Amino acid sequence: MDFAEYLKEQRNQEWRKELRSNIKSKDRTAIEKVHMPEENPHVRNTNNIEVNTGLTMEMAMKEAQRCLDCGDPTCISGCPVNINIPKFIKNIEKGDFLAAAASIKETNSFPAVCGRVCPQEIQCEQKCFYTQKLNLPSVAIGYLERFAADFERKSGKISIPEISHHNHIKVAVIGGGPGGLAAAFDLVKFGYDVTVFEALHEIGGVLKYGIPEFRLPNEIVDVEVSTLTKMGVKFVTNFIVGKTATFDDLRVEGFKAFFVASGAGLPNFMNIPGENLINIFSSNEYLTRVNLMNAAKSEFDTPVFSGKNVAVIGGGNTAMDSVRTAKRLGANRAMIIYRRSIEEMPARIEEVKHAQEEGIEFLNLHNPIEYLGDDQRRVKSMKLQKMELGEPDSSGRRRPVPIEGAIEIVETDTVVVAVGVSPNPLIPRSLPNLNMSKWGTIVVNDQMQSSIEDIFAGGDIVRGGATVILAMGDGRRAADGIDQYLKSKF
Amino acid sequence: MANEILEKVNFSENVVKLIIRSPYIAKSRKAGHFVIIRADAAGERIPLTIAGSDPEQGTIMLVVQRVGVSSAKLCDMKVGDTILDIVGPLGEATKVHKVGTILACGGGVGVAPMLPIVEAFKKAGNRVVTILAARNKDLIILEDEMRLHSDELIIMTDDGSYGQKGLVTDGMKAVIQREKIDESIIIGPAIMMKFASLTTKEFNIPTQASLNTIMVDGTGMCGACRVSVGGQTKFVCVDGPEFDAHQVDFDEMIERLGAYKTQEKVAYEAHEHECKRKH
Ligand SMILES: Cc1cc2nc3c(=O)[nH]c(=O)nc-3n(C[C@H](O)[C@H](O)[C@H](O)COP(=O)(O)OP(=O)(O)OC[C@H]3O[C@@H](n4cnc5c(N)ncnc54)[C@H](O)[C@@H]3O)c2cc1C
Ligand code: FES
């Protein structure tokens with residue numbers, strides 16, 4: 001059965017037909033879109049609790065009624081892992097939340113994570129019938145996904161897929177981020193003996209060291225990891241493939257295939273004067289100190305410097321996470337410096353909104369060109385070039401151009417540079433024969449197979465800095481590719 | 001058990017040698033590599049250069065100087081204790097080749113990471129002249145091991161309590177004026193490396209320095225370890241730790257090493273106070 005037929009067959013089930021006939025479409029579209037309940041901005045910006053508190057059951061069921069269960073569910077085409085969106089939403093409408101979670105998990109192993117961090121507004125929700133045809137706010141697909149996943153977790157009835165048979169073929173997954181975890185999930189389901197090797201001392205990749213607790217509590221990642229452990233996945237932390245052991249060493253140990261999801265760990269700097277002054281950090285360093293090393297808590301040894309006047313350079317999710325962290329660490333002034341306008345910031349819309357509510361200042365159309373230090377080489381101010389928008393560039397966004405002579409000096413005691421990341425070079429350096437792109441990413445085919453036949457790759461190491469869901473999608477595709485490859489060999 | 005401390009030797013009140021079970025690293029490490037360790041769940045991730053290993057026994061040797069809370073925690077661990085996290089080997093290995101005569105200069109605990117490098121250069125067929133420098137006699141470490149792998153060993157102490165009285169640079173100049181040196185390697189406190197580097201620069205001797213910056217992950221992910229080399233920013237953990245010493249901006253590095261001075265001092269005093277209270 002192909003995908004379209006499967007969707008149709010599911011849609012034609014009696015319970016779905018009955019739900020559709022219960023409420024008229026006109027009445028469904030008249031329902032106002034749900035609002036996500038949030039912690040008070042002036043309280044939450046002083047602590048680390050999760051900002052979005054989650055929909056209540058009543059809210060979720062009401063929001064689920066808005067979904068028209070379309071004959072042609074375009075929303076699915078916006079989802080990188082093709083979640084059967086109407087099916088899970090109709091299960092919520094019906095009140096069968098565990099079935100809703102199970103429907104999502106047919107194609108997405110970690111809905112509690114995706115429901116929180118996916119940029120739904122440019123994916124499923126953008127393709128929703130409401131957005132496309134009705135010019136109304138889309139169904140809150142992301143909130144509903146999160147609701148179903150949280151319900152399942154809190155119920156203590158997380159479904160652990162049965163593993164039908166064990167084939168005892170060893171597969172290594174390199175990197176414990178979302179790409180690696182998604183691949184491990186499928187590979188272990190297929191019966192493989194899966195070991196995840198992770199360089200850091202914790203599993204989760206960016207989900208742990210990058211994305212803060214107020215957006216994605218660590219506990220959620222830990223629960224997903226414990227599900228994998230229960231399914232038989234082995235985790236080895238503090239192990240850098242290519243350094244601690246080579247691919248050849250692991251081949252000798254019996255590993256028959258590899259999935260590399262080592263991420264885009266290398267932070268970019270702008271290479272402007274003064275960038276190595278003290279108290280100028282990459283966002284990775286700043287967030288790692290706070291999130292992975294717990295630097296803000298007095299019982300932990302790792303220090304973090306976070307001043308009263310913090311400038312974060314960049315307009316993506318990483319920048320929003322850094323600036324909101326700075327506020328929480330006690331900054332009086334926490335500001336975003338971004339060279340384009342606010343509309344063009346790549347961050348999720350919700351993060352920008354939350355940042356604004358929390359008192360973050362936005363210096364848009366400003367670009368740092370130099371940092372100035374005191375006599376101890378600590379940063380004390382920055383020179384900003386004011387910009388204006390010119391002609392559209394290749395990305396379709398209007399190119400920011402400097403306004404000649406418009407230079408401003410702004411005081412700052414802490415700068416966090418969040419201008420993107422480059423692929424982590426550790427693996428490529430350890431494999432001189434691996435085919436790489438000129439951007440330092442690993443080149444793969446449709447099955448996510450690299451130029452070395454037993455090595456597959458996906459996530460940020462293949463795409464450059466991308467998203468959690470794309471990394472997960474790659475992980476699943478690679479699991480299929482590895483399965484086919486190994487079946488053809490053994 | 002992996003990460004278990006099998007042997008501990010107190011070189012001095014503040015410097016200990018640890019032999020730790022770490023089979024993978026023992027096998028894969030080369031001269032110049034380092035590890036990142038975290039002593040316990042509250043601990044920091046700190047880099048330590050591997051001073052030696054025994055692949056058969058599956059052990060590595062680390063030499064630790066008590067400077068802050070994290071190193072103090074390690075120094076206070078006992079035989080039989082396990083270190084929570086050890087990851088490595090990290091960094092690029094030393095490029096060892098036959099060049100002729102090598103002048104190896106180690107200051108303080110920098111002598112420990114120097115040991116495998118000296119050993120490797122000697123094995124590659126070079127003549128190795130080694131200078132060990134410290135403030136006083138008690139701080140000279142690994143003298144016998146170094147002597148074993150060097151053609152000549154010179155000891156310099158600031159106070160003259162052992163070997164010759166004088167700074168490392170005095171010893172270096174004497175050697176350089178006496179015989180032709182083809183390459184030099186310097187490892188030690190940043191300030192020592194700065195002046196040792198200026199000395200070899202004066203005589204145009206190609207020089208490598210092994211840098212000990214602040215690190216967090218050690219895998220190129222954070223940039224805490226960045227230094228300027230020849231006007232370009234480099235990450236010590238993945239591009240180094242060894243660089244052309246004459247290109248390194250030591251002044252910047254010294255300032256960056258002091259980034260957390262105040263926090264470290266407060267934390268260390270609290271730690272010492274806590275330890276005294278317990279004992
Ligand atoms: C602060 C921040 C916020 C973000 N917010 C969002 C968001 O809201 N929504 C979204 O969709 N995306 C977001 N992203 C992007 C998203 O996190 C990444 O695209 C995603 O994590 C990539 O997954 P990955 O599995 O490819 O790599 P990673 O998550 O980077 O994981 C790679 C792992 O591999 C390990 N590793 C590397 N080399 C080796 C080796 N040789 N051996 C063993 N282990 C190794 C690393 O230590 C790391 O743990 C954000 C990124 C950051 C930094
Ligand atoms: S220590 Fe983090 S990049 Fe070098």
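Owing to the predicted nature of the structure, the values given are computational and were not obtained by experimental measurement. Numbered from 1 within each chain, the chains take letters A, B, ... in sequence-line order.
Residue B:Val216 touches chain A through its side chain alone, counting heavy-atom pairs closer than 4.5 Å. For a residue to count as touching a neighbouring chain, one of its non-hydrogen atoms must lie under 4.5 Å from one of that chain's; by this rule A:Val304 touches chain B with the backbone only. Interface residue A:Ile280: backbone and side-chain heavy atoms are both found under 4.5 Å from chain B. Neither the backbone nor the side chain of B:Val35 comes within contact range of chain A, judged by heavy atoms closer than 4.5 Å. For chain B, the nearby part of A:Leu426 is the side chain; its heavy atoms alone come within less than 4.5 Å. Both the backbone and the side chain of B:Asp251 come within less than 4.5 Å of a heavy atom in chain A. Of the atoms belonging to A:Phe239, heavy atoms from both backbone and side chain fall under 4.5 Å from chain B. Neither the backbone nor the side chain of B:Arg29 comes within contact range of chain A; no heavy atoms are under 4.5 Å apart. Of the atoms belonging to A:Thr288, it is side-chain heavy atoms, and not backbone ones, that fall under 4.5 Å from chain B. Neither the backbone nor the side chain of B:Ile36 comes within less than 4.5 Å of any heavy atom of chain A.
Note that CG of A:Asn238 is 7.5 Å distant from CG of B:Leu84, once rounded to the nearest 0.5 Å. Note that CZ of A:Arg289 and CD of B:Glu44 are 7.5 Å apart. Values are rounded to the nearest 0.5 Å. With rounding to the nearest 0.5 angstrom, the OH atom of B:Tyr260 is 9.5 Å from the CD1 atom of A:Ile278. Put simply, CZ on A:Phe281 and SG on B:Cys222 are 10.5 Å apart, with the number rounded to the nearest 0.5 Å. Rounding to the nearest 0.5 Å gives a distance of 9.5 Å between CG of A:Leu200 and CG of B:Asp85. Distance check: A:Met270 CE to B:Thr233 OG1 gives 13.0 Å after rounding to the nearest 0.5 Å.
In this model, a donor atom of one side chain and an acceptor atom of the other lie less than 3.5 Å apart for A:Asn276 and B:Arg226.
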- Message: Using the rule given for side-chain contact (heavy atoms from CB on, under 4.5 Å), can you reason through A:Asn271 versus B:Gln232, listing the C-alpha separation, both sets of side-chain angles and the distance that settles it, and then say yes or no?
- Response: CA-CA 8 Å; A:Asn271 297 318; B:Gln232 278 192 325; over 6 Å; no

Which is it for B:Asp217 and A:Tyr209 under the side-chain contact (heavy atoms from CB on, under 4.5 Å) test, yes or no, and what are the steps along the way?
CA-CA 10 Å; B:Asp217 59 300; A:Tyr209 76 69; over 6 Å; no

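Annotation for B:Ala259 and A:Arg378: closest pair O-NH2, 3.5 Å, computed over non-hydrogen atoms. Here the closest heavy-atom approach between residue A:Asp301 and residue B:Lys73 is recorded as OD2-NZ, 2.7 Å. In this structure, A:Thr302 and B:Gly43 approach most closely via the heavy-atom pair OG1-O, 4.0 Å. The minimum heavy-atom distance between B:Phe235 and A:Phe269, with the atom names listed, is CZ-CE1, 3.8 Å. Listed here is the closest heavy atom pair of B:Met221 and A:Pro267: O-CD, 3.2 Å.
Heavy atoms of other residues, nucleotides or ligands lying less than 6.0 angstrom from CD of A:Glu253 number more than 12. Atom NZ of A:Lys170 sits in a crowded spot, with more than 12 heavy atoms from other residues, nucleotides or ligands closer than 6.0 Å. Enclosure of atom NZ in B:Lys8 by more than 12 non-hydrogen atoms of other residues, nucleotides or ligands within 6.0 angstrom is indicated. A 6.0 Å sphere centred on NZ of A:Lys308 holds more than 12 heavy atoms belonging to other residues, nucleotides or ligands.
Chain A forms the most heavy-atom pairs under 4.5 Å with one residue out of B:Ser70, B:Gly220, B:Ser22, and that residue is B:Gly220. Counting heavy-atom pairs under 4.5 Å between each of B:Gly258, B:Gly218, B:Gly91 and chain A puts B:Gly91 at the top. Of the residues considered (B:Lys27, B:Glu255, B:His33), B:Glu255 shows the highest number of contacts with chain A, using heavy-atom pairs under 4.5 Å. Put simply, of A:Glu275, A:Arg429, A:Lys297, A:Glu299, the one with the most heavy-atom pairs under 4.5 Å next to chain B is A:Arg429.
A distance-only check finds a donor-acceptor pair linking the side chain of A:Thr244 to the backbone of B:Gly88 [under 3.5 Å]. Between the side chain of A:Ser282 and the main chain of B:Gly223, no donor-acceptor pair closer than 3.5 Å is present.
Counting heavy atoms from C-beta on, the side chains of B:Arg256 and A:Leu277 never come closer than 4.5 Å. For the pair A:Asn424/B:Val238, no side-chain contact is recorded, criterion being any heavy-atom separation below 4.5 Å from C-beta on.
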